[in-house]
2 protein chains.
Amino acid sequence: MPKHTRTVQHNVYVYVDTVLFTLIDGVLNVLVVKRKTAPDGKFALPGGLVEDGETLAEAASRELYEETEMEFRPENLLQIGAYGDPDRDTRYGRAISVAFLAMTPNPPVPNAGSDATSTQFIEYRKARKPGVLEFDHRNIVGDARRLASRQLEDTAIALNFCEEEFTIGELRIVYEAFYQRELDPANFRRKVEKIDGFIIPQKSLSLSESAGRPARLYKRGKKQDLYPPIYFRRQDQ
Amino acid sequence: MPKHTRTVQHNVYVYVDTVLFTLIDGVLNVLVVKRKTAPDGKFALPGGLVEDGETLAEAASRELYEETEMEFRPENLLQIGAYGDPDRDTRYGRAISVAFLAMTPNPPVPNAGSDATSTQFIEYRKARKPGVLEFDHRNIVGDARRLASRQLEDTAIALNFCEEEFTIGELRIVYEAFYQRELDPANFRRKVEKIDGFIIPQKSLSLSESAGRPARLYKRGKKQDLYPPIYFRRQDQ
DNA sequence: GCAAAAGTGTTATTTATACACCCATGT
DNA sequence: ACATGGGTGTATAAATAACACTTTTGC
């Protein structure tokens with residue numbers, strides 16, 4: 001079974017797909033596309049074939065731009081993993097996909113880019129229902145949420161969901177959306193404020209939206225990795 | 001830029017590579033091969049091309065068996081991620097590798113399988129030195145250690161490093177090898193014993209090796225995921 | 001006896017969690 | 001006034017870490 005003497009591997013197509021999460025009214029949403037070539041009504045994650053000369057993250061960034069006109073720097077795309085079961089997509093032979101995670105707050109209204117696709121956000125819970133997404137994209141979205149939750153604990157990636165200036169309440173909503181449970185506002189505040197270099201208080205206060213006392217605004221600090229992690233025990237298990 | 005209308009992607013070869021960790025005298029070691037076709041003296045991770053009809057994990061399992069005759073069930077191989085920088089290996093065109101993590105205690109003396117390769121264990125610290133491994137395998141090994149450390153905290157995977165029956169001291173050495181620091185034996189014991197379903201005490205004691213009081217033997221419990229994780233704060237940062 | 005590893009006990013410190021309570025704003 | 005979210009105080013419980021001490025073996 002010589003390996004490197006083999007010069008031809010049967011047709012394998014390498015794709016990148018991206019799970020782009022955002023929050024809409026505090027609810028986790030994921031960006032999907034509906035291709036004209038897929039009239040079965042199923043959605044798919046934005047993605048496409050990797051091209052020569054680009055890294056995997058660069059390919060994901062390019063595809064995301066082509067389909068949504070949103071710019072994500074490759075270094076802000078986090079790899080979820082490779083999905084390569086032989087029966088996952090046999091339209092053109094074997095398809096292997098490397099999935100990436102992206103996050104953004106307040107996304108622009110999705111508009112089709114140069115691609116003949118229709119892009120939109122759908123709720124995470126809907127995307128996780130069987131039969132809504134093509135191929136194994138349902139699994140990818142699930143893995144993406146798990147990875148995102150984990151990243152929320154270990155890194156400052158939650159701030160990618162916030163504007164440049166944000167309140168602690170807004171930051172808390174990010175965590176709550178991924179954890180699917182409410183967190184104690186008082187304890188959450190102390191927890192994130194104690195982490196040195198995580199968030200930096202500003203002098204100004206938020207413009208009050210609806211009721212409630214105006215909140216202090218914060219900007220992101222330099223800290224990228226949270227150690228020890230912000231950690232909230234799960235109810236289950 | 002139509003994507004799914006494209007029928008040919010320029011030559012892309014999809015490999016799997018496996019980082020197999022073991023402990024030799026309490027020191028972290030990684031399995032490497034030296035290929036006859038690579039006479040530059042560098043080592044490489046065991047791996048090869050993915051074949052038709054097999055999952056990525058099955059491919060890694062097969063390659064590992066072909067090169068070491070050690071059997072690892074695909075479900076025991078943990079995916080590290082995909083490595084696909086365009087300049088990582090240009091011998092036959094573009095090469096993308098999906099890396100897996102495996103762990104085993106007391107490995108059999110590596111012997112070359114049917115492949116024309118020489119397999120051996122080298123110390124993790126050596127493998128991490130520049131110029132020792134081919135391509136980006138140095139990075140893969142680093143990511144593998146990080147993932148393994150993380151897995152040690154979150155799952156019962158550390159037990160894969162132990163025999164069927166083991167002492168708590170042996171289990172502690174596994175954690176110490178990955179964390180690269182010593183842990184307090186008293187606190188470690190209490191921590192792992194408290195986790196319900198993690199390890200199960202046996203009646204028998206270990207045969208004393210060298211000095212010291214004989215230790216109680218344990219077997220692995222049913223618990224696969226540790227929640228809350230076993231958690232040891234790092235010194236650094 | 002002495003060294004070494006297993007195992008128990010104790011204590012100080014930190015962290016998690018719950019929740020009472022005040023503050024500042026919109027309605 | 002009252003609802004709402006911001007923010008502080010605080011008590012209880014639990015986890016962490018450091019380390020003293022006893023136990024049981026090999027040498």
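First the proteins, then the strands, lettered A, B, ... as listed; each starts at 1. Note: hydrogens, waters and symmetry copies are ignored here, and every other heavy atom, side chains too, is used.
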For B:R216 and for B:G212, locate the closest nucleotide of DNA chain C by heavy-atom distance; then report the residue assigned to the nucleotide nearer the 5' terminus.
B:G212
In whole angstrom, what separates A:E170's CD from D:dG7's P?
11 Å
Side chains of residues 19-28 of chain B: which donor-acceptor pairs under 3.5 Å do they make with residues two or more places apart or in other chains?
from	atom 1	to	atom 2	distance (Å)
B:T22	OG1	B:T104	O	2.6

A:L101 and A:L77, any side-chain heavy atoms less than 4.5 Å apart:
no
Does the side chain of A:L159 come within less than 4.5 Å of A:F166's, by heavy atoms?
yes
Sequence neighbours excluded - salt bridge (Lys or Arg N to Asp or Glu O under 4.0 Å) pairs with any residue from residues 154-164 of chain B
A:R150-B:D154, B:E164-B:K219
In whole angstroms, how far is the C1' atom of D:dT23 from the CG atom of B:L205?
12 Å
To the nearest angstrom, the CZ-P distance between A:R190 and D:dT10 comes to 11 Å
Quick one: A:L183 CG to D:dG6 C1', roughly how many Å, whole number?
16 Å
Validation row: B:R220, B:N160 side chains within 4.5 angstrom (heavy atoms)
yes
Interatomic distance, A:L171 CG vs D:dG7 P [rounded to whole Å]
12 Å
Could you check A:A211 against A:R189 and say which one's nearest nucleotide on DNA chain D is further toward the 5' end?
A:A211
Quick one: A:E193 CD to D:dG9 P, roughly how many Å, whole number?
12 Å
How long is the line joining CZ of B:R213 and P of D:dT24, in whole Å?
5 Å
Is any side-chain heavy atom of A:L152 closer than 4.5 Å to one of A:I157?
yes
Can we call the ring centroids of A:F161 and A:F178 under 6.0 Å apart?
yes
Grab the NZ-P distance between A:K191 and D:dG7 for me, whole Å please.
18 Å
With a 4.0 angstrom cut-off to heavy atoms of chain B, pull out the first and last contacting nucleotide of DNA chain C, in 5'-to-3' order.
C:dA4 to C:dT10
Of A:L217 and A:N187, the one whose nearest nucleotide on DNA chain D sits closer to the 5' end is A:L217
